[in-house]
Number of protein chains: 2
Amino acid sequence: MTQRSDRSAMHEKMAPALNILRILSHPVRLSILCHLVEQAEMSAGEIVALHAPLASQSQTSQYLKRLRDEGLVNARKDGLYVYYSLARQDIRELVATLHDLYCPEA
Amino acid sequence: MTQRSDRSAMHEKMAPALNILRILSHPVRLSILCHLVEQAEMSAGEIVALHAPLASQSQTSQYLKRLRDEGLVNARKDGLYVYYSLARQDIRELVATLHDLYCPEA
DNA sequence: ACATTATATTAAAATTATATAATTTAATAT
DNA sequence: ATATTAAATTATATAATTTTAATATAATGT
């Protein structure tokens with residue numbers, strides 16, 4: 001095992017954390033996840049409304065797709081509506097830590 | 001206070017967390033911070049050596065500048081050497097959480 | 001079948017982040 | 001003074017992400 005592969009290994013070990021950090025590094029994606037920590041389930045429309053007019057329907061749908069694709073949220077379709085919910089406990093914990101550190105009460 | 005400014009306010013409230021997330025979303029910057037959580041102080045040269053050849057001296061110096069500019073690390077100059085250390089407790093806590101969630105032991 | 005509403009997709013343009021390469025500053029020693 | 005080493009800076013190129021705009025799909029009701 002060479003030095004180089006050691007360092008690659010170090011970086012590979014960080015890959016899951018880096019991936020999550022990148023996903024959370026966007027105001028709307030982070031906001032969606034924050035809301036889903038407190039709300040259990042929200043329809044796509046509610047999520048769009050929550051972020052309009054800062055983010056368009058198309059944009060928000062794209063953010064939701066990213067979160068789906070990465071396995072961070074579940075999507076449940078009911079008729080015309082799609083309901084989103086958090087799919088992973090680690091996101092709950094990470095968002096809680098961020099809240100503690102960067103969203104002081106009062 | 002309009003709806004729009006409410007939403008801006010929501011996003012502004014997230015700004016500090018977002019800023020930290022973006023800074024941590026890079027393999028070498030995250031790695032540097034991880035090492036400084038465990039090491040207290042490291043010289044620029046040690047940090048460069050730790051990440052070569054994946055990151056050049058110039059790159060690593062740029063990452064350190066970013067961390068300095070953002071106030072995440074302290075730089076102490078001693079002769080030819082510059083010693084870096086963590087400047088903020090929140091980084092320690094955040095890195096610890098990331099470690100717990102994404103770096104399972106063994 | 002058609003209209004309506006909710007949601008999703010796609011492609012191009014714009015923006016931002018990162019890498020590369022060359023150069024520079026600063027401290028020390030000869 | 002000049003050579004050497006550590007570290008930082010700058011400009012440019014490249015790559016990744018995000019925004020925008022237009023369009024498409026899918027479910028429901030008339």
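When reading the values below, keep in mind they use all heavy atoms of this one structure, side chains included, and skip hydrogens, waters and symmetry mates. Below, read A as the first sequence line, B as the second, and so on, with proteins coming before strands; counting in each chain starts at 1.
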*Asks:* Can you pull out every salt bridge (Lys or Arg N to Asp or Glu O under 4.0 Å) where at least one residue sits in residues 27-54 of chain A? Sequence neighbours excluded, please.
*Replies:* A:Glu41-A:Arg76

*Asks:* What is the distance from CZ of A:Arg68 to C1' of C:dT9, rounded to the nearest Å?
*Replies:* 10 Å

*Asks:* Report the relative orientation of the aromatic rings in A:His35 and A:His51; use parallel for angles under 30°, tilted for 30 to 60°, perpendicular for over 60°.
*Replies:* perpendicular

*Asks:* For DNA chain C, whose closest nucleotide is more 5', that of A:Tyr83 or that of B:Ser56?
*Replies:* A:Tyr83

*Asks:* Does a distance-only test, which skips hydrogens and angles, find a donor-acceptor pair under 3.5 Å between the side chain of B:Gln57 and the base of D:dA6?
*Replies:* no

*Asks:* Taking the side chain as everything from C-beta on, heavy atoms only, tell me whether A:Leu33 gets closer than 4.5 Å to A:Leu24.
*Replies:* yes

*Asks:* What is the distance, rounded to the nearest whole Å, between atom CG of A:Leu24 and atom P of D:dT17?
*Replies:* 14 Å

*Asks:* In dot-bracket form, how is DNA chain C paired, counting a Watson-Crick or G-U wobble pair only if both its distances are under 3.5 Å and using | for bases paired to another strand?
*Replies:* ||||||||||||||||||||||||||||||

*Asks:* State whether a side-chain donor-acceptor pair under 3.5 Å links B:Asp90 with A:Tyr102.
*Replies:* yes

*Asks:* Please round to the nearest 0.5 Å and tell me the distance separating atom CG of A:Leu98 and atom CG of B:Leu21.
*Replies:* 5.0 Å

*Asks:* Send over the distance from B:His26 NE2 to D:dA16 P, rounded to a whole Å.
*Replies:* 12 Å

*Asks:* Closer than 4.0 Å, any side-chain N/O of B:Arg66 to the OP1 or OP2 of C:dA17?
*Replies:* no

*Asks:* Quiz question: by atom type and distance under 3.5 Å, do the side chains of B:Gln62 and B:Ser58 form a donor-acceptor pair?
*Replies:* yes

*Asks:* For A:Ser58, which contact category applies under a 4.0 Å heavy-atom criterion: base, sugar-phosphate, or nothing?
*Replies:* base

*Asks:* Any chance you could list the contact pattern along nucleotides 25-30 of chain D? Use B for base contacts, S for sugar-phosphate-only contacts and - for none, protein heavy atoms under 4.0 Å, 5' to 3'.
*Replies:* -BBS--

*Asks:* Using whole Å, report how far CD of A:Gln59 lies from C1' of C:dT7.
*Replies:* 15 Å

*Asks:* Would you kindly give the CG-to-C1' distance between B:Leu30 and C:dT18, to the nearest whole Å?
*Replies:* 16 Å

*Asks:* Looking at every non-hydrogen atom in both residues, tell me the closest pair between B:Ala40 and B:Ser85 and how far apart they are.
*Replies:* O-CB, 3.0 Å

*Asks:* Using a heavy-atom cut-off of 4.0 Å across all strands, would you classify B:Tyr63 as base, sugar-phosphate, or nothing?
*Replies:* sugar-phosphate

*Asks:* Just how far, in rounded Å, is P of C:dA17 from CG of B:Leu67?
*Replies:* 15 Å

*Asks:* Separation of A:Leu18 atom CG from D:dT17 atom P, in whole Å?
*Replies:* 12 Å

*Asks:* Starting at atom CZ of A:Arg22, determine the distance to atom C1' of C:dT18, rounded to an integer number of angstrom.
*Replies:* 12 Å

*Asks:* Let me know, please, whether B:Gln62 or B:Val82 comes out on the 5' side of the other along DNA chain D by nearest nucleotide.
*Replies:* B:Val82

*Asks:* Looking at A:Leu67, A:Leu86, A:Leu50, which hits side chain to side chain contact (heavy atoms under 4.5 Å, CB included) with A:Ile32?
*Replies:* A:Leu67

*Asks:* Quick one: CG on A:Leu36 to OH on A:Tyr84, what's the gap to the nearest 0.5 Å?
*Replies:* 10.5 Å

*Asks:* So, does B:Tyr84 get its side chain near the phosphate of D:dA6, meaning an N or O under 4.0 Å from OP1 or OP2?
*Replies:* no

*Asks:* Pick from B:Gln59, B:Lys65, B:Gln57: which one makes a side chain to side chain contact (heavy atoms under 4.5 Å, CB included) with B:Ser61?
*Replies:* B:Gln57

